[in-house]
Number of protein chains: 2
Amino acid sequence: MSDSLPILPEPQWRAGEHQLLELGTGPGVATGAGADEPCLRADAARNRARLLEAAARLVEQFGAAGVTMEAVAAAAQVGKGTVFRRFGDRTGLLMALLDHSERKLQAAFLTGPPPLGPGAPPVERLRAFGVAVLRRAVDELELQLAAEGEPDRRFASAPRMVLSAHVGMLLRQAIPGADCELLAKTLMGYLDPALIHHLTKQCGMAPARLEAGWIDLVDRITGGAPSH
Amino acid sequence: MSDSLPILPEPQWRAGEHQLLELGTGPGVATGAGADEPCLRADAARNRARLLEAAARLVEQFGAAGVTMEAVAAAAQVGKGTVFRRFGDRTGLLMALLDHSERKLQAAFLTGPPPLGPGAPPVERLRAFGVAVLRRAVDELELQLAAEGEPDRRFASAPRMVLSAHVGMLLRQAIPGADCELLAKTLMGYLDPALIHHLTKQCGMAPARLEAGWIDLVDRITGGAPSH
DNA sequence: TAAGAAAACTGGACCACGGTCCGTTTCGCT
DNA sequence: AGCGAAACGGACCGTGGTCCAGTTTTCTTA
């Protein structure tokens, strides 16, 4: 009975998608639509590119709501099944669309210049981190919102976990005695796209106030730890 | 052309649903399936009760995923359109299902005994509040998760806003100078059902640690404000 | 380098579910 | 009883997601 099922279709979407920390290869950020797909058949890679391009076109034309799996497939002249095979589900496609700026952010705080990157004291890096995420959010808000899938996958997504781990690391440096894992989740909660959307778009709060709120929050949580 | 549309279907689902603070009528908590629908036609009220009962049955039988609008309608011997007319959408139905415990919680911290209710110092009330929400979450986790609809409605839902407002009020008492609205959202983020699910079910974190984390968080944010 | 086989990919038919619409029925009031 | 408003119910639609038969690519072997 074990030979009838062909070893599971093997979810190979996720190959090359939002990987966690694989950016020790080159000096800077990937230059956009370069060669970043390691092991993908020629036609598959081609179709993947066409799908992403089509999806991006749909986004800027009709907004995130216009990114329908069938529409993307049609626009890319590809079968619907192909879209799902490549990206798993709608959420996966949207996340792939966000992947580029995601990596840019990761590179910035992992290997970039201070105060975001290494070199500055942790509390200062924390402050810069939040501001960077907030600024990035105001651009891609719609996409980021649409990319939030089921509630239980929100926190399990690779990009979110990278950010959370980074915050946790900085917190451990700033306040070694605390439960930094939990505090990191709290800080990340402040940067939830849905919250940002709610506060800026529905409550009409100015982004500057959000940034100030982040600074204040970091200071409170780190309890006036030495910032330099 | 203006007489053809009957003045808008008038979204009267929400009548009697998760209202904000209407609980000054009785001494204690509503006794379950009592008379809490003010203005609803007889057949409508009857069907509403049948629908809720059917939905609850489905939840305990197949879990929240089993609460399909068609299944609920069928189980209640009612047309599908009726379900939508009454509850607006799936989210509305799930929220109605949670309404009861929601009101119990609200009553507890609004008019109940200290330390949750009025009478205790604000910081202490904050601590008790978080613990209460965390404890409630471990029961209804699945339902609460399922009831989270679109990301942009998460923060706009009436129950969530009530809790947030309450936390904000306590914070204003504890730390008058701060941006308490923002800090309240942060604290509420810690109590996000999706986060609780992630930490307890996916990361295997013990609820006790979450509760301790809440206490710590409150203390950090209120900056050692007098707790008595 | 050519041929053959296995693995991987493709694409569209198919399904389930959320949500809408509108003709029909029931209720509550006078 | 009669009337208008409200509620009912199920046909209908769009979309996310699955499945599998057929095709293409790549690997192996000669």
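Naming: A, B, ... by sequence-line order, numbering from 1 per chain.
Rounded to an integer number of Å, the gap from B/N47 CG to C/dT26 P is 12 Å. Computed from coordinates, the B/R85 CZ to C/dC27 P distance equals 15 Å when rounded to whole Å. One can place CZ of B/R50 at 12 Å from C1' of D/dC8, the figure rounded to the nearest angstrom. The separation between A/F87 atom CZ and C/dG11 atom P is 14 Å, rounded to whole Å.
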Identify all side-chain donor-acceptor contacts of residues 70-81 of chain B below 3.5 Å with residues at least two apart in sequence or on another chain.
none

Would you mind writing out the side-chain donor-acceptor pairs for residues 54-69 of chain B within the sub-3.5 Å range, not counting sequence neighbours?
from	atom 1	to	atom 2	distance (Å)
B/R57	NH1	B/E53	OE2	3.4

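Applying the ring pair (Phe, Tyr, Trp, His ring centres under 6.0 Å) rule to A/F109 yields the partners A/F129, A/H166; only residues at least two apart in sequence or on another chain are considered.
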Hey, what are the protein-to-nucleotides 14-21 of chain C N/O distances that come in under 3.5 Å?
from	atom 1	to	atom 2	distance (Å)
C/dG18	OP2	B/M69	N	3.0
C/dG18	N7	B/K80	NZ	3.3
C/dG18	O6	B/K80	NZ	3.4
C/dG19	OP2	B/R90	N	3.0
C/dG19	N7	B/K80	NZ	3.4
C/dG19	O6	B/K80	NZ	2.3

Output one line per pair: protein atom, nucleotide atom from nucleotides 28-30 of chain C, and distance, for all N/O pairs under 3.5 Å.
from	atom 1	to	atom 2	distance (Å)
C/dG28	OP1	B/A42	N	2.9

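Note on the helix from C/dT1-D/dA30 to C/dT30-D/dA1: angle between the axes of the first and last five pairs equals 20°, rounded to 10 degrees.
Closest to the side chain of A/R86, from the set C/dG11, D/dC8, C/dT10, is C/dT10.
Here B/T82 does not reach the OP1 or OP2 of D/dA7: none of its side-chain N or O atoms lies under 4.0 Å away.
Between B/D89 and B/R153 there is a side-chain heavy-atom pair separated by less than 4.5 Å.
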